[in-house]
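Below you'll find the structure, written out as structure tokens, and then a few comments.
Atoms considered below: every heavy atom in the structure, side chains included; atoms not considered: hydrogens, waters and symmetry mates. To find a chain, count down the sequence lines: A is the first, B the second, and so on, and within it residues start at 1.
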Protein chains: 2
Amino acid sequence: MQELQRVADGRAPFLPDYPPWNRLTAPSVSDLLDAATMISLTRGDDAGAGLGIVISGALAVERELSDGRRILCALFHEGDLVDLRRTERARQGDLIALKESEFLALDESRAEICTSEHADVARAFIVQLGDHLARMRDHATDLAFKTPFESLASVLFEFRRWPGADSGNPGGSTVRIPIPRGDVADYIGVKPETVSRAIRRLERERLIGIPEQDQVFLADIPSMRRLANGGRPRQSTRRS
Amino acid sequence: MQELQRVADGRAPFLPDYPPWNRLTAPSVSDLLDAATMISLTRGDDAGAGLGIVISGALAVERELSDGRRILCALFHEGDLVDLRRTERARQGDLIALKESEFLALDESRAEICTSEHADVARAFIVQLGDHLARMRDHATDLAFKTPFESLASVLFEFRRWPGADSGNPGGSTVRIPIPRGDVADYIGVKPETVSRAIRRLERERLIGIPEQDQVFLADIPSMRRLANGGRPRQSTRRS
DNA sequence: CGACTTCTTGAGGAACGTCAACCGCAGTGG
DNA sequence: CCACTGCGGTTGACGTTCCTCAAGAAGTCG
């Protein structure tokens, strides 16, 4: 029994301590964990499963285009339910780890039984899927924005909502960028060079500061919010 | 009672005759319809509800950016479950009709009770949400593609999957474009002029034909598939 | 220390957005 | 019956932007 082993490890709280997972009743948790297998991943690893819960780290749905371009069309963080079951298309993409991660893979058929037998599990799934849809709509909006500055500003706010992103700063004006620049670029649909240039320009304009490589200080949150919502600062509209 | 009235209208099959809706048991359907209100919409109307099922027509989540740009970040067609409940962001956008549509709005709290009491309804919701997530991932990939030709090819295949899109052509090589050009443009993140130019170029290259304004004949489906999957035909790579 | 990856910076060109005008059509009212 | 109006779609010229290609800087791991 995998979960018993885990409990013996002293890592008893198998499911994330976030809603909706910490709202489940004990029998539901038990049944869900019966269908679960913990997988440890390092950067680049394929999770090899289409259903599960991210325990730590960062995963993404990666798609390699026929001409070599790479796209990360969805990001998943700690506590996220990953559901790639509805796969009518041929190229659904692979679920890969962007860093050291732990993934609680769920057996599809047993998980399905679990959702039909436990209303709270079904509810948790619906809540999670609805959450992800909202994020995907935001992301689609970012991509349609087209200007890297807006996409970047928006994705910074997205990262700010990641669990643990605001650890150590109460006001939340420091954001950790949890994945490398190249992955950010693949996520917002631009090239790494463009991400670099965009960051440097935001820095020049005093909207953000980069104390460390993977940290961003939001110096002017209202302006950044405006930017993320479409107040596009094209060349002509630099200061205004 | 709204549904009794409808039944009296002779329009008894209230839910779409597609999976997963036609798989529900009678009591589930009855409970679900108790929470439902049918709304008739014309182009531009706001549905005014964040949860429901599209009975006919086409709806979209529209977002107006602060500088006037307009983005359709999700499309919904006949039989789709629309769930905008997870709205942590301020600007979630509006659910609007792109054409004459009928929308079966569901009361949120009563629908929630319904999903918790009927496992098959919960399952239908999960299936639908998972389906939409897959579509959103595809869409995000399209948008990240960046070249309008690829996005357009991809969106044509998306339209081909719409119910009724292949009515009258067995092979499915004719696709109906169910929404105006401008909406297509807002959906794939480009300008109407670019959509027009992309269509004309695909036509010039004999990949598609445009018998009517709202119809596309896929003359070379394999090539279009390649295009949609990222075999990008930039200026230099015209024939190869 | 050296090979590697990640990030950055620069110069040049292709591509899409912008602006403007035009076409065809439907609805409207004189 | 026909001019007027508005809307959706198309076409063209032009400019900004971002991708491409290339090289260098900085940090990491062997």
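The phosphate of dA15(C) (OP1 or OP2) has no side-chain N or O of T194(B) nearer than 4.0 angstrom. Remark: K191(A) is in phosphate contact with dT20(D), judged by side-chain N or O atoms under 4.0 Å from OP1 or OP2. Remark: T147(B) is not in phosphate contact with dA15(C), judged by side-chain N or O atoms under 4.0 Å from OP1 or OP2.
Checking R200(B) against G189(A), the closest nucleotide of DNA chain D that is more toward the 5' end is the one next to R200(B).
In terms of heavy-atom proximity, G68(A) sits nearest to E64(A) at O-OE2, 3.1 Å.
Distance check, rounded to the nearest 0.5 Å: CD1 of I71(A) to CZ of R137(B) gives 14.0 Å. The CD1 atom of I55(A) sits 8.0 Å away from the CD atom of E78(A) when rounded to the nearest 0.5 Å.
Closest to the R181(B) side chain, of the nucleotides dT8(C), dT6(C), dG9(D), is dG9(D). Distance from the side chain of R43(B) is smallest to dG8(D) among dC16(C), dG8(D), dC7(C).
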>> I need a per-nucleotide contact map over nucleotides 19-25 of chain C, read 5' to 3'. Cutoff is protein heavy atoms under 4.0 Å; write B for the base, S for backbone only, - otherwise.
In response: BB-----
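Rounded to an integer number of Å, the gap from CD of E212(A) to P of dA26(D) is 17 Å. Between R201(B) atom CZ and dT11(D) atom P there is a gap of 14 Å when expressed in whole angstrom units. Nucleotide dC16(C) holds its C1' atom 12 Å from the CD1 atom of I188(B), rounded to whole Å. Following rounding to the nearest Å, I179(A) (CD1) and dT6(C) (C1') show an atom-to-atom distance of 14 Å. Separating the CZ atom of R70(A) from the C1' atom of dT5(C) is a distance of 14 Å, rounded to the nearest angstrom. Here the C1' atom of nucleotide dT10(D) and the CD1 atom of I210(B) are 13 Å apart, to the nearest Å. Put simply, CD on Q213(A) is 16 Å from P on dA25(D), counting in whole angstrom units. Going from atom CD1 of I199(A) over to atom P of dT6(C) covers 15 Å, rounded to whole Å.
In this structure, H139(B) and Y187(B) have parallel ring planes: the angle between them is below the 30° cut-off, well short of the 60° mark. Classification of the F76(A)-H132(A) ring pair by plane angle, with boundaries at 30° and 60°, yields tilted.
Among the heavy atoms of the strands lying under 4.0 Å from V190(A) are primed sugar atoms or P, OP1, OP2 only; no base atom is included. Heavy atoms of P148(B) sit under 4.0 angstrom from primed sugar atoms or phosphate atoms, though from no base atom.
Judged purely by distance below 3.5 Å, without hydrogens or angles, the side chains of T42(A) and D45(A) pair a donor atom with an acceptor atom. No side-chain N or O of R197(B) forms a donor-acceptor pair with one of T194(B) less than 3.5 Å apart. For D142(B) and S154(B), the side-chain atoms include at least one donor-acceptor pair closer than 3.5 Å. For the residue pair S196(B)/E193(B), the side-chain donor-acceptor check at 3.5 Å is not satisfied.
Side chains of W21(A) and Q128(A) form a contact here, defined as non-hydrogen atoms less than 4.5 Å apart.
Over its length, the helix from dC1(C)-dG30(D) to dG30(C)-dC1(D) turns its helix axis by 30°, as judged from the five terminal pairs at each end, rounded to 10°.
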